[in-house]
Enquirer: 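Below: one structure in structure tokens.
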Amino acid sequence: QVQLVESGGGLVQPGGSLKLSCSASGFDWTYSTIGWFRQAPGKEREGVSCLSIVDGRPEYSGSAKGRFSISRDDAGTTVSLRMNKLKPEDTGIYYCAVVVIATIQTTCAPQSFDHWGQGTQVTVSS
């Protein structure tokens, strides 16, 4: 079955960097889209960045653009999110998720994704 395991969260000062990793297995990557989502305290889960495996196209939220970078490793089993210039508002639980068969209707929004990891906490604070 699909397994997604996140790692790399932690406490970082404003302006710092973190790299999150998602080890993914149990599905055919060919037509999938994989993404990172954030849930801040008291807020709904939101898309941060997604990667279409079909065309390699990354997508970023407005707040992530220019600061975050999503990538897949050469072995094709891990998707990472490099986060730079972190701000307190980046604080939250970060989830990795995948939709195995992406369609033209797939967007970088939680409702498009059907398999989720357990999440990793990111806290940006001085």
Enquirer: Hey, what do you get for CZ (R82) to OG (S69), rounding to the nearest 0.5 Å?
Expert: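 So the gap between those two atoms works out to 9.5 Å.
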Enquirer: For D55 and S52, which heavy atoms make the closest approach, and how far apart are they?
Expert: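 Nearest heavy atoms, D55 then S52: OD1-OG, 2.9 Å.
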Enquirer: Any side-chain hydrogen bond (donor to acceptor under 3.5 Å, both in side chains) involving residues 89-103? Give me the pairs, sequence neighbours left out, ordered by first then second residue.
Expert: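 Pairs touching residues 89-103 that pass the test: R38-D90, R38-Y94, R67-D90, T103-Q105.
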Enquirer: Please find the pair of heavy atoms, one from A102 and one from S32, that lie closest to each other, and give the distance.
Expert: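 In this case the closest contact between A102 and S32 is CB-C, 4.3 Å.
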Enquirer: Would you say the side chain of Q13 lies within less than 4.5 Å of the side chain of V124, judging by non-hydrogen atoms?
Expert: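 Of all side-chain heavy-atom pairs linking Q13 with V124, none is under 4.5 Å.
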Enquirer: Do L51 and T33 touch side chain to side chain, with heavy atoms closer than 4.5 Å?
Expert: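 No, too far: nothing below the 4.5 Å cut-off.
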Enquirer: Backbone N or O of T78 within a donor-acceptor pair of the S23 side chain at under 3.5 Å?
Expert: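 Between the backbone of T78 and the side chain of S23 there is no qualifying donor-acceptor contact (under 3.5 Å).
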Enquirer: Under the side-chain hydrogen bond (donor to acceptor under 3.5 Å, both in side chains) definition, can you give me all pairs with a residue in residues 1-11, not counting sequence neighbours?
Expert: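 Listed once each, the pairs would be none.
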Enquirer: OG of S126 to CG of L11: how many Å apart, nearest 0.5 Å?
Expert: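 Reported to 0.5 Å precision, the distance equals 9.5 Å.
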Enquirer: So, T120 side chain and G9 main chain: donor-acceptor pair closer than 3.5 Å or not?
Expert: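 Between the backbone of G9 and the side chain of T120 there is a qualifying donor-acceptor contact (under 3.5 Å).
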Enquirer: Search all heavy atoms of L18 against all heavy atoms of G8 and return the closest pair with its distance.
Expert: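 Minimum heavy-atom contact is CD2-O, 3.7 Å.
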Enquirer: With heavy-atom distances below 4.5 Å as the criterion, would you say the side chains of F68 and S49 are in contact?
Expert: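 No, their side chains stay 4.5 Å or more apart.
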Enquirer: Are I34 and C96 close enough that some pair of their side-chain heavy atoms sits under 4.5 Å apart?
Expert: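 Yes, their side chains come closer than 4.5 Å.
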Enquirer: Do P88 and S125 have side chains that approach each other closer than 4.5 Å (heavy atoms only, starting at C-beta)?
Expert: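 Answer no - side chains too far apart.
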Enquirer: Should the heavy atoms of other residues, nucleotides or ligands under 6.0 Å from CD of Q111 be counted, would the total exceed 12?
Expert: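 Correct, the count exceeds 12.
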Enquirer: Given the rule that I, L, V, M, F, W and Y join up when any side-chain heavy atoms are under 4.5 Å apart, are L86 and Y60 in one cluster?
Expert: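 Cluster IDs for L86 and Y60 match.
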Enquirer: Assigning hydrophobic clusters by single linkage (Ile, Leu, Val, Met, Phe, Trp, Tyr; side-chain heavy-atom cutoff under 4.5 Å), is V99 placed with L4?
Expert: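 Per the 4.5 Å side-chain linkage, V99 and L4 are not co-clustered.
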Enquirer: Once you round to the nearest 0.5 Å, how far does CD1 of I101 lie from OG1 of T106?
Expert: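 I101 CD1 to T106 OG1: 9.5 Å, rounded to 0.5 Å.
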Enquirer: Can you confirm whether the side chains of S63 and S61 place a donor and an acceptor under 3.5 Å from each other?
Expert: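 Note: S63 and S61 side chains meet the donor-acceptor criterion.
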Enquirer: Quick check: do T30 and I53 have side-chain heavy atoms less than 4.5 Å from each other?
Expert: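 Heavy-atom side-chain distance check fails, nothing below 4.5 Å.
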Enquirer: Hey, what do you get for CG (L81) to CD1 (I70), rounding to the nearest 0.5 Å?
Expert: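 So the gap between those two atoms works out to 6.0 Å.
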Enquirer: Going by ring pair (Phe, Tyr, Trp, His ring centres under 6.0 Å), name the pairs with one or both residues in residues 12-39, residues two or more places apart or in two chains.
Expert: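 Checked against ring pair (Phe, Tyr, Trp, His ring centres under 6.0 Å) - neighbours excluded - the pairs reaching residues 12-39 are F27-W29, F37-F113, F37-W116.
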Enquirer: Can V54 be reached from V79 by stepping across I, L, V, M, F, W or Y side chains whose heavy atoms are under 4.5 Å apart?
Expert: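 Yes, it is one cluster - the side chains of V79 and V54 are joined through contacts under 4.5 Å.
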Enquirer: Check the pair M83 / V122 against side-chain contact (heavy atoms from CB on, under 4.5 Å), numbers first and verdict last.
Expert: CA-CA 11 Å; M83 304 187 294; V122 172; 4.0 Å; yes
